[in-house]
Amino acid sequence: MIGARTRFLAWLIALAAFLAGCAPSIGLDEADTERPTSASPAPPAAGDVARTPQSAPAPVTTPSLVPPRPFAYNLYQKGDFVPQYTFDWCVAASIQIAHNLIDDTGGGTWADSGHQGELWEMARARSSNSFNGANPLGWAQVLTEVGMGPYSVVSVADYDDALRTAARAIAETGRPVGLVMWSGRHAWVMSGFESLGDPMQFPKFSVTGIRVLDPLYPHGSGRWGPSPAPNSLLTPKQLATQFVIREPRRWSTDLPTGYMLVLPRAEA
């Protein structure tokens, strides 16, 4: 009997162990990470502030660079040109031309020879140390005094910079630029230009053409070349044959060597 009970007890113990081994087990990682997928989130407790999820920020885009396009600006209208009535009066004729380019109100063209002589005397009186002639300082001062200014004289060392300086001044002020030609011996008026890029939008624009009026036309110079017709469009290379570097002289010792301009300034 004892042997039979002992065998029966052993059988019960073995059965219990077998049933325990069939139960599923849960690992540590699974117990920590498992979440319900269908249950609704609990409502916020009293006092909690509900927050609306913020949308993702819009991506930052870099604006595409717009390439410079051909640009043109010209003040010239038919009738603006005036010839110089003597071989000395190039500055006075350039002042008359400048007036005509600026005045688009129909107030009258400056073209009278007697008036040109008066402007010459005004410019010469304001041109000290100029061998009894008119220099760019007198030219700029008369332009300012007769109501077209302010104008000032500048010297630019680099040729391309000088062209950009002149074109930018015309675009900013709507007034022409005086060009001191032939190393200081003659006066032209720059009435406009063509460029790659608008000077008001592209600081590094390049000048491709220069509109000029030479009051000596149609005579020209045996040394420097013929006078271009009024409103001619010259390339920078063509202009460079007569628009050359000027060395400082008695009346302009404070100006560096360079390409000299009678430059319009923006109103204060």
Side-chain angles (χ1 to χ4, degrees), residues 72-113 115-117 119-120 123 134-136 138-140 142-144 146-149 151 153-154 162-163 165-195 207-221 224-244 246 259-264:
Y73 192 110
N74 192 9
L75 298 170
Y76 178 81
Q77 297 183 41
K78 185 178 180 180
D80 289 343
F81 175 76
V82 181
Q84 58 186 85
Y85 295 110
T86 76
F87 284 104
D88 295 327
W89 289 359
C90 59
V91 167
S94 295
I95 294 170
Q96 288 184 320
I97 292 172
H99 169 271
N100 298 339
L101 292 169
I102 295 170
D103 182 18
D104 57 359
T105 64
T109 299
W110 285 11
D112 181 73
S113 60
H115 182 228
Q116 189 175 112
L119 292 171
W120 164 252
N135 63 33
W139 182 3
V142 172
L143 284 169
T144 301
V146 298
M148 289 180 275
Y151 272 82
V153 180
V154 301
L163 296 184
T165 298
R168 187 180 296 110
I170 293 174
E172 288 178 348
T173 67
R175 289 178 277 144
V177 169
L179 302 178
V180 180
M181 308 297 291
W182 303 357
S183 191
R185 295 173 177 82
H186 191 38
W188 286 14
V189 178
M190 177 176 170
S191 61
F193 63 92
E194 291 186 359
S195 62
V207 177
T208 57
I210 305 94
R211 293 281 181 184
V212 296
L213 296 101
D214 176 3
L216 194 56
Y217 177 81
H219 303 289
S221 164
W224 296 98
S227 297
N231 196 39
S232 289
L233 180 67
L234 304 184
T235 66
K237 184 176 180 179
Q238 290 172 324
L239 180 66
T241 62
Q242 301 195 48
F243 183 44
V244 298
R246 183 190 179 286
Y259 299 89
M260 190 168 289
L261 307 169
V262 179
L263 201 68

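Please read these numbers as outputs of a predicted model, since none were measured by experiment.
Here the closest non-hydrogen pair linking Y76 and S191 is CB-OG, 4.1 Å. The minimum heavy-atom distance linking L101 with P176 is given by the pair CD1-CB, 3.7 Å. P83 approaches Q116 most closely through the heavy-atom pair O-NE2, 3.1 Å. Nearest heavy-atom pair across P136 and V153 is O-CG2, 3.4 Å. What you find for W89 and S113 is that their closest heavy atoms are CZ3-O, 3.6 Å. The shortest non-hydrogen separation linking M190 to A166 is SD-CB, 3.6 Å.
A heavy-atom distance below 4.5 Å is not found between the side chains of I97 and H99. Looking at heavy atoms from C-beta onward, V189 lies out of side-chain contact with V212 at the 4.5 angstrom threshold. Side-chain contact between T165 and L263: present, with at least one pair of heavy atoms (C-beta onward) separated by less than 4.5 Å. With contacts defined as side-chain heavy-atom distances shorter than 4.5 Å, the pair W120/D88 qualifies. For the pair V262 and V177, the minimum side-chain heavy-atom distance is 4.5 Å or more.
For the atom pair I102 CD1 and T173 OG1, the distance stands at 7.5 Å (nearest 0.5 Å). Atoms CG and CE, on L216 and M181 in that order, are 11.5 Å from each other to the nearest 0.5 Å. Atom CD of Q242 and atom CG of L234 lie 8.5 Å apart (nearest 0.5 Å). Distance check, rounded to the nearest 0.5 Å: CG of L179 to CG of L213 gives 10.0 Å. Separating the CZ atom in F193 from the CG atom in L163 is a distance of 11.0 Å, to the nearest 0.5 Å. Atom CH2 in W110 sits 6.0 Å away from atom CG in L119 (nearest 0.5 Å).
Side-chain atoms of Q96 come within 3.5 Å of backbone N or O of D112 as a donor-acceptor pair. Counting only distance, with no hydrogens or angles, the side chain of N100 and the backbone of D103 share no donor-acceptor pair below 3.5 Å. Distance alone, capped at 3.5 Å, places no donor-acceptor pair between the R175 side chain and the I170 backbone. Proximity of a side-chain donor or acceptor of T144 to a complementary backbone N or O of Y151 within less than 3.5 Å is detected. A donor-acceptor pair is defined here as one N or O able to donate and one able to accept, closer than 3.5 Å; such a pair exists between the side chain of Q238 and the backbone of T235. With hydrogens and angles ignored, the 3.5 Å screen pairs no side-chain donor or acceptor of E194 with any backbone N or O of Y73.
With sequence neighbours left out, A187 forms a side-chain contact (heavy atoms from CB on, under 4.5 Å) with C90, V91, S94, W139. For S221, the side-chain contact (heavy atoms from CB on, under 4.5 Å) test picks out W182, R223, W224, with sequence neighbours left out.
Residue pairs meeting the side chain to side chain donor-acceptor pair (under 3.5 Å) criterion with at least one member in residues 209-219, sequence neighbours excluded: H186-D214, W188-D214, D214-S227.
N231 and D80 share no donor-acceptor pair across their side chains, judged by distance under 3.5 Å alone.
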